Amino acid sequence: MLPEYDVIVVGAGHAGCEAAAAAANMGSKVLLVTMNMNTIAQMSCNPAMGGVAKGQIVREVDALGGMSGIITDKTMIQFRMLNRSKGAAMWSPRAQSDRMRFAEEWRMALEKIPNVDFWQEMVTGLLVKDGRVGGVRTSMGIEIKAKAVVLTNGTFLNGVIHIGEKHFGGGRTAEKAATGITEQLQQLGFESGRMKTGTPPRVDGRSLNYDRMEEQLGDENPGKFSYLDTPRLTKQKSCYITYTNQEVHDVLKTGFEKSPMFTGRIQGLGPRYCPSVEDKINRFADKERHQIFVEPEGWNTVEIYVNGFSTSLPEDVQYNALRKIPGFENVKMFRPGYAIEYDYFPPTQLDLTLETRLIQNLYFAGQINGTTGYEEAACQGLMAGINAHNKIHEKEPFVLKRSEAYIGVLIDDLINKGTEEPYRMFTSRAEYRLLLRQDNADLRLTGKGYALGLATPERYEKMLLKKKRTGQLLNDLKHKKLMPEAVNANLVEMDTAPVKEKVALSTLLKRPEISIHQLSALDAELGAYLGQYEEEILEQAEIAVKYESYIEKEEKTAERMRELENFQISQAFDYDRLIAMSKEGRDKLKKMRPATIGQASRISGVSPSDISILMVYLGR
């Protein structure tokens, strides 16, 4: 009935959507299989994209030719650039999204791709022969053949929902769990585990008293995610901040004896950096209050997401505790929060392309790999879709280095270190974060996306123009100079030291007290000149000038590491010959089979002395 496909993507969450779009836009015939066509790209948790380090990932996905940034720009209701008070490496874009519009835009975008077909049904197994995947089997017994399969099952694999003492199967509220895949993969030799995540209650915004909360406005001049000409926000919705208190904590404690977390019914580990509210008051008993973000779910709905109040306590305890929060005294609850436990597969069983080592042409992306977050899922889906297409068309694998992208950091961490708790990206995980800023993702990655056939010519031309104009401005800032008599009065007024001789604009711009916009105020002619440049060009130039020495130092460090990445290790190398190496080091290297010395150096359990022995043996 159904034709044979190049790529079948199982699951239509953020990872699945990006995987399907990437493979299809590169030329593969793709089938996207989902249990419910009405929940494609649903924001199962908070209605937001981006945030610290996550915003950088969304911009990288966009720079390569992915869709998440475009969809976010079309459906955001508020935009904020986080960490503006810190250095440029920490700036992180975040958007509050319209949940319903976000899913609608993703579905419309996928339906406009001629190479994407859809099928609504549960996948219960894979077609595997001679160590290679050949398609999927559905709950109705239909076999659909394909050259490659990407599994992006989210929280649906044997998912169990917990609310107090109640627990029932489900991959999301009101949606059934997926069964069969885990059991087959285990029989094929895969190792699996259990993880847990949670979500807060949703409430009726009409029942809240916002006068008792702190309003959180969007940026005065809102930015966006995509480097393309997507729409900019002209109006925004406010979020609000309130806090728990001792009364709230006391009510929550009354439910602890029925908490699935504390009674041991939940075995899976939850996200360390996004704990449930009961976990917060248990682990941080000295804190008198915890912050709650009151987030609207869209332009045309009264539904509110209570960020910071994730819980699996009994629904009556949730409700009574909510009513003790300032502004929530008369709250009406739409649905309670819950915890969900689900299967995942330790990602050390994958190659850097996200292809499994046990079964050829089978790829994993998203929460099946132990990650948490829409953004982490989206970038894995993108990379799995790219590599599935490349593999079946006999093209080179596409792998990003740690020095090239946060995406590279994420995948490298997963494959070489694994994870026993839901993995979340932070700027601190990236040792080259000054190079991997949110503002330069296009300069880093669009050329690669264009070479893949994923980024469009329009996107590539925009990047080249940005690069050219930034170079022109930097050259002029370096060579154009001002006389002391022309600028000293203004410099004193800016509370910065006057100059004694002719000074280059770049020298003045290095001063922390002077921004590029203040620079334009020093001289009328200079102001007119700088006014010709777009804001993103001015920002690029200012960052390049102010952080020049730091960027150069980081680039040199990255280059040294790249040399290690270029030292290839044969997949057939016999590590048992390295008798001077620690047994743990040998065992880990035999299991992981790293492709390069650089990759070997990042494997958990492999020491620097183990690497030295390996390099000596390889003649490096």
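These values consider heavy atoms only, across backbone and side chains, with no hydrogens, waters or symmetry-generated copies. Predicted model, so just to flag it, every value in this text is computed and none were measured. Numbers here are sequence positions counted from 1.
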Asker: Would you name the heavy atoms of Q56 and R437 that are closest together and state the gap between them?
Answerer: CG-C, 4.3 Å
Asker: Against K466, only a single residue in E534, E536, E461 fulfils salt bridge (Lys or Arg N to Asp or Glu O under 4.0 Å); can you say which?
Answerer: E536
Asker: Could you pull out the closest heavy-atom pair between V606 and G585, with the gap in Å?
Answerer: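 In terms of heavy atoms, the two residues are closest at CG2-O, 4.1 Å.
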Asker: Would you check if the side chain of Q438 reaches a backbone N or O of S92 as a donor-acceptor pair within less than 3.5 Å?
Answerer: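 No.
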Asker: Please tell me whether Y227 and D62 have a donor and an acceptor in their side chains that are separated by less than 3.5 angstrom.
Answerer: no
Asker: I'd like to know if the side chain of N387 reaches the main chain of F398, judged simply by a donor and an acceptor atom lying under 3.5 Å from each other, with no hydrogens or angles considered.
Answerer: yes
Asker: Between N153 and Q367, is a side chain to side chain donor-acceptor pair (under 3.5 Å) present by the stated rule, with each step listed?
Answerer: CA-CA 7 Å; N153 304 82; Q367 285 172 293; over 6 Å; no
Asker: What orientation do H14 and F102 show, parallel under 30°, tilted 30 to 60°, or perpendicular over 60°?
Answerer: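 It falls in the tilted class, 30° to 60°.
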Asker: Under 3.5 Å, is there a donor-acceptor pair between the side chain of E542 and the main chain of E539?
Answerer: no
Asker: So, does T182 use its side chain to make a donor-acceptor pair with the main chain of L157 at under 3.5 Å?
Answerer: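 No; zero donor-acceptor contacts below 3.5 Å.
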Asker: As a quick check of understanding, evaluate side chain to side chain donor-acceptor pair (under 3.5 Å) for Q349 and E191, giving each step before the final call.
Answerer: CA-CA 8 Å; Q349 300 170 101; E191 175 192 349; 5.1 Å; no
Asker: Return the OH to CD distance between Y423 and E376, rounded to the nearest 0.5 Å.
Answerer: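 Taking OH in Y423 and CD in E376, the distance rounds to 8.0 Å.
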Asker: Taking L228's backbone N and O only, do any of them form a donor-acceptor pair with K224's side chain (distance below 3.5 Å, no angle check)?
Answerer: yes
Asker: Looking at CD1 of I611 and CG of L564, how far apart are the two atoms once the value is rounded to the nearest 0.5 Å?
Answerer: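 If we round to the nearest 0.5 Å, I611:CD1 and L564:CG are 8.5 Å apart.
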Asker: Report the C-alpha separation of R424 and T371 in whole Å, then their side-chain angles, then the decisive distance to 0.1 Å, and conclude whether the side-chain contact (heavy atoms from CB on, under 4.5 Å) test is met.
Answerer: CA-CA 6 Å; R424 177 181 177 178; T371 60; over 6 Å; no
Asker: Tell me whether F573 at atom CZ has more than 12 heavy atoms from other residues, nucleotides or ligands lying less than 6.0 Å away.
Answerer: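 Count over threshold, so yes.
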Asker: If the threshold is 4.0 Å, N to carboxylate O, is there a salt bridge linking R101 and E105?
Answerer: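 Looking at E105 together with R101, the answer is yes, because their closest N to O distance falls below 4.0 Å.
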Asker: Closest approach of R562 and K401, non-hydrogen atoms and distance?
Answerer: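 Looking at all heavy atoms of both residues, the shortest contact is CG-CD, 4.0 Å.
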Asker: Check whether more than 12 heavy atoms from other residues, nucleotides or ligands sit under 6.0 Å from atom NZ of K467, and answer yes or no.
Answerer: no
Asker: Yes or no on side chain to side chain donor-acceptor pair (under 3.5 Å) for Q568 and T596, after CA distance, side-chain angles and deciding distance?
Answerer: CA-CA 4 Å; Q568 301 290 317; T596 67; over 6 Å; no
Asker: Does a side-chain N-to-carboxylate-O contact under 4.0 Å join D6 and K147?
Answerer: yes
Asker: Would you name the heavy atoms of I392 and S28 that are closest together and state the gap between them?
Answerer: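 Where I392 meets S28 most closely, the heavy atoms are CD1-OG, 3.9 Å.
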Asker: Where the side chain of D610 meets the backbone of S607, is there a donor-acceptor pair that is under 3.5 Å apart?
Answerer: yes
Asker: What are the two closest heavy atoms between L436 and S403, and how far apart are they?
Answerer: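 Between these two residues, the closest heavy atoms are CD2-O, 3.4 Å.
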Asker: Look at atom CD of E420 and say whether more than 12 heavy atoms of other residues, nucleotides or ligands are closer to it than 6.0 Å.
Answerer: no
Asker: Hey, is the main chain of P347 close enough, under 3.5 Å, to the side chain of N369 for a donor-acceptor pair?
Answerer: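 No, because the side chain of N369 does not come within donor-acceptor range (under 3.5 Å) of the backbone of P347.
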Asker: What's the verdict on side-chain contact (heavy atoms from CB on, under 4.5 Å) for T34 and V9, showing C-alpha distance, side-chain angles and the deciding distance?
Answerer: CA-CA 9 Å; T34 173; V9 178; over 6 Å; no
Asker: Please test E355 against K391 for salt bridge (charged side-chain N to carboxylate O under 4.0 Å, His left out), starting from the C-alpha separation and ending with a verdict.
Answerer: CA-CA 10 Å; E355 183 181 17; K391 177 79 181 288; 2.7 Å; yes
Asker: Mind checking the NZ-OG1 spacing from K54 to T372? Nearest 0.5 Å is all I need.
Answerer: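 Interatomic distance, K54 NZ to T372 OG1, rounded to 0.5 Å: 6.0 Å.
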Asker: Show the numbers, then the answer: is there a salt bridge (charged side-chain N to carboxylate O under 4.0 Å, His left out) between D442 and R459?
Answerer: CA-CA 9 Å; D442 55 340; R459 188 184 284 280; over 6 Å; no
Asker: Enter the distance from L473:CG to S506:OG here, rounded to the nearest 0.5 Å.
Answerer: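 If we round to the nearest 0.5 Å, L473:CG and S506:OG are 10.5 Å apart.
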Asker: Please verify the inter-ring angle class for F190 with F345; under 30° counts as parallel, over 60° as perpendicular, anything in between as tilted.
Answerer: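 Aromatic pair F190/F345 classed perpendicular.
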Asker: For atom OH of Y550, decide whether the heavy atoms of other residues, nucleotides or ligands shown that lie under 6.0 angstrom number more than 12.
Answerer: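 No - once you tally the heavy atoms of other residues, nucleotides and ligands closer than 6.0 Å, there are 12 at most.
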Asker: Any sub-3.5 Å donor-acceptor pair from T155's side-chain atoms to G171's backbone N or O?
Answerer: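 Looks like yes, one N/O pair under 3.5 Å.
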Asker: Run the salt bridge (charged side-chain N to carboxylate O under 4.0 Å, His left out) check on E295 and R94 step by step: do they pass?
Answerer: CA-CA 13 Å; E295 301 180 343; R94 183 183 190 273; 3.2 Å; yes
Asker: For D413, is there an ion pair with R602 - N to carboxylate O distance below 4.0 angstrom?
Answerer: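 The answer is no: the pair does not qualify as a salt bridge.
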Asker: Are there more than 12 heavy atoms of other residues, nucleotides or ligands under 6.0 Å from atom CD of E396?
Answerer: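 At most 12 heavy atoms, drawn from other residues, nucleotides or ligands, come within 6.0 Å of this atom.
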Asker: Taking C-beta and beyond as the side chain, do V7 and V149 meet within less than 4.5 Å on heavy atoms?
Answerer: no
Asker: Is it the case that atom NZ in K510 sees more than 12 heavy atoms from other parts of the structure closer than 6.0 Å?
Answerer: yes
Asker: Is there a donor in the side chain of S68 and an acceptor in the side chain of E375, or the other way round, less than 3.5 Å apart?
Answerer: no
Asker: Go through it in stages, so that I can follow the logic: the residues are K556 and E552, the test is salt bridge (charged side-chain N to carboxylate O under 4.0 Å, His left out), and I'd like the CA-CA distance, side-chain angles, deciding distance and then a yes or no.
Answerer: CA-CA 6 Å; K556 288 177 182 176; E552 286 178 356; 5.6 Å; no
Asker: Examine distances only and state if a side-chain atom of Q236 and a backbone atom of D219 form a donor-acceptor pair shorter than 3.5 Å.
Answerer: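 The answer is yes, because a donor-acceptor pair under 3.5 Å joins these two groups.
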Asker: If you measure from CG on N221 to CG on L233, what distance do you get to the nearest 0.5 Å?
Answerer: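 So the CG of N221 and the CG of L233 are separated by 11.5 Å.
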Asker: Could you go through the side-chain contact (heavy atoms from CB on, under 4.5 Å) check for L477 and L509 one step at a time?
Answerer: CA-CA 9 Å; L477 289 173; L509 189 54; 4.1 Å; yes
Asker: When you check the gap from the basic side-chain N to the acidic O, do E565 and R402 get nearer than 4.0 Å?
Answerer: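 No, E565 and R402 are not salt-bridged.
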Asker: Taking side chain as C-beta onward, heavy atoms only, is Q472 less than 4.5 Å from N475?
Answerer: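 Contact flag for Q472/N475 side chains = no.
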Asker: Run the ring-centre check on Y342 versus Y344 and record whether the distance is less than 6.0 Å.
Answerer: no
Asker: So, taking the atom named OG1 in T152 and the one named CG in L354, what distance separates them when rounded to the nearest 0.5 Å?
Answerer: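 Between T152 OG1 and L354 CG, I get 12.0 Å after rounding to 0.5 Å.
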Asker: So which atom in T470 and which in A541 form the shortest heavy-atom distance, rounded to 0.1 Å?
Answerer: CG2-N, 4.3 Å
Asker: Checking side chain to side chain donor-acceptor pair (under 3.5 Å) for the pair T427/R433: CA distance, chi angles, key distance, verdict?
Answerer: CA-CA 7 Å; T427 49; R433 55 187 170 273; 5.1 Å; no
Asker: Apply side-chain contact (heavy atoms from CB on, under 4.5 Å) to residues E458 and Y460 and explain how you reach the verdict.
Answerer: CA-CA 5 Å; E458 175 198 3; Y460 185 60; over 6 Å; no
Asker: Is a donor on one side and an acceptor on the other found under 3.5 Å between the side chain of S601 and the backbone of G598?
Answerer: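 Checked: pair present.
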